[in-house]
Amino acid sequence: MSIPKFENKIIYTLGIMNEFHVTTSVAKKRMIALAPLGISILFTIAAKFISWLSEFFTIGLFLCVLSLGFFLFVIYKTDKAIRTSYKKSVKDNEGNESKITTRFFEDTIEVSNIVSGGVTIYNYENITCLKKARHIIILMCDDNRAVLLSKKGFSVGDYDRFIPFMETIIKNNKANGSTSESEV
């Protein structure tokens with residue numbers, strides 16, 4: 001087998017799973033849920049200070065409470081979904097957190113779960129975008145799957161060389177029409 005250009009090791013802890021979900025989808029859901037609350041607050045303030053809207057002040061307060069409740073519900077549901085995803089991952093690995101080693105070869109990316117023994121192979125053409133979070137790097141694939149890497153988990157290569165390497169691949173994929181997303 002050939003020598004990888006990069007190798008990265010990560011353990012899927014609850015914190016890592018939370019960071020992944022917040023970076024990808026949860027943040028969007030929470031922002032959408034926050035919008036009605038912001039609108040309700042502005043409406044209530046307007047009703048308090050604009051005389052012809054004063055009769056709607058009580059409705060504005062009710063909308064604020066309702067919107068806050070909706071926002072808190074979305075936070076609860078998204079946090080529960082993250083915990084459920086983590087518990088499923090641990091259960092699938094016979095009670096252990098997933099220990100993932102990702103190797104970047106000349107033409108392919110090999111993702112190995114050390115605990116379960118499962119291996120997934122990706123072609124570089126499958127990578128649509130790269131997202132950087134606080135502790136992790138997320139490589140999004142064209143089939144809505146993701147490869148998670150630890151910023152400090154490089155055992156071959158390093159973070160500072162990896163980012164330009166992947167950005168070049170994604171840029172080339174876009175130029176060749178291999179990707180549909182616009183984030184890098």
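Computed from heavy atoms alone, side chains included, the values below leave out hydrogens, waters and symmetry copies.
Ser155 and Glu7 share a side-chain donor-acceptor pair at under 3.5 Å. Inspection of the Asp107 and Asn123 side chains reveals no N or O donor paired with an N or O acceptor under 3.5 Å. Neither side chain, Thr102 nor Asn8, offers a donor N or O lying under 3.5 Å from an acceptor on the other.
Rounding to the nearest 0.5 Å places NZ of Lys132 at 13.0 Å from CG of Leu149. A distance of 6.0 Å separates OG1 of Thr128 from CE of Met140, quoted to the nearest 0.5 Å. Between atom CZ of residue Phe73 and atom OG of residue Ser67 there is a gap of 14.5 Å, rounded to the nearest 0.5 Å. A distance of 8.5 Å separates NZ of Lys77 from OG1 of Thr84, quoted to the nearest 0.5 Å. Atoms CD1 and CD1, from Ile10 and Ile16 in turn, are 4.5 Å apart once rounded to the nearest 0.5 Å. Here the CZ-CG distance, from Arg145 to Asp142, works out to 9.5 Å after rounding to the nearest 0.5 Å.
Follow the hydrophobic side-chain contacts under 4.5 Å out from Leu139 and you never reach Ile11; the two are in separate clusters. Grouping the Ile, Leu, Val, Met, Phe, Trp and Tyr side chains by contacts below 4.5 angstrom, directly or via other members, places Met166 with Phe154. Put simply, Ile163 and Phe6 are part of the same group of oily side chains (I, L, V, M, F, W, Y) that touch within less than 4.5 Å, one to the next.
Using a 4.5 Å heavy-atom threshold, the side chains of Ile109 and Phe104 count as touching. Annotation: side chain of Ser85 is not in contact with side chain of Lys87 (no heavy-atom distance under 4.5 Å). With a 4.5 Å cut-off on side-chain heavy atoms, Ile138 and Ile136 count as touching. A heavy-atom distance below 4.5 Å is found between the side chains of Met17 and Tyr12. Residues Thr58 and Phe62 fail the side-chain proximity criterion, which asks for heavy atoms closer than 4.5 Å. With contacts defined as side-chain heavy-atom distances shorter than 4.5 Å, the pair Pro4/Phe105 qualifies. With contacts defined as side-chain heavy-atom distances shorter than 4.5 Å, the pair Lys5/Phe162 does not qualify. At a threshold of 4.5 Å between non-hydrogen side-chain atoms, the residues His135 and Phe20 do not count as touching.
A donor-acceptor distance shorter than 3.5 angstrom exists from the side chain of Thr78 to the backbone of Val74, with no hydrogens or angles considered. When atom types are taken as modelled, the side chain of Ser98 and the backbone of Ile100 share no donor-acceptor pair closer than 3.5 angstrom. For Ser112 (side chain) and Ile114 (main-chain N/O), no donor-acceptor pair under 3.5 Å exists by modelled atom type. In terms of modelled atom types and a separation under 3.5 Å, the side chain of Asn126 and the main chain of Tyr122 share no donor-acceptor contact. Using modelled atom types, one side-chain atom of Asn113 and one backbone atom of Val115 make a donor-acceptor pair closer than 3.5 Å. Asn18 contributes no side-chain N or O that, together with a main-chain N or O of Leu14, makes up a donor-acceptor pair within less than 3.5 Å. The main-chain N or O of Ile127 is found under 3.5 Å from a side-chain atom of Asn173 such that the two form a donor-acceptor pair.
Across all non-hydrogen atoms, the minimal contact from Val147 to Cys141 is CG2-SG, 4.3 Å. Taking each heavy atom of Cys64 and Thr44 in turn, the nearest pair found is SG-OG1, 3.3 Å.
The 12-atom threshold is exceeded at NZ of Lys151, counting heavy atoms of other residues, nucleotides or ligands nearer than 6.0 Å. Residue Phe165 qualifies as enclosed at atom CZ: its count of foreign heavy atoms under 6.0 Å is above 12.
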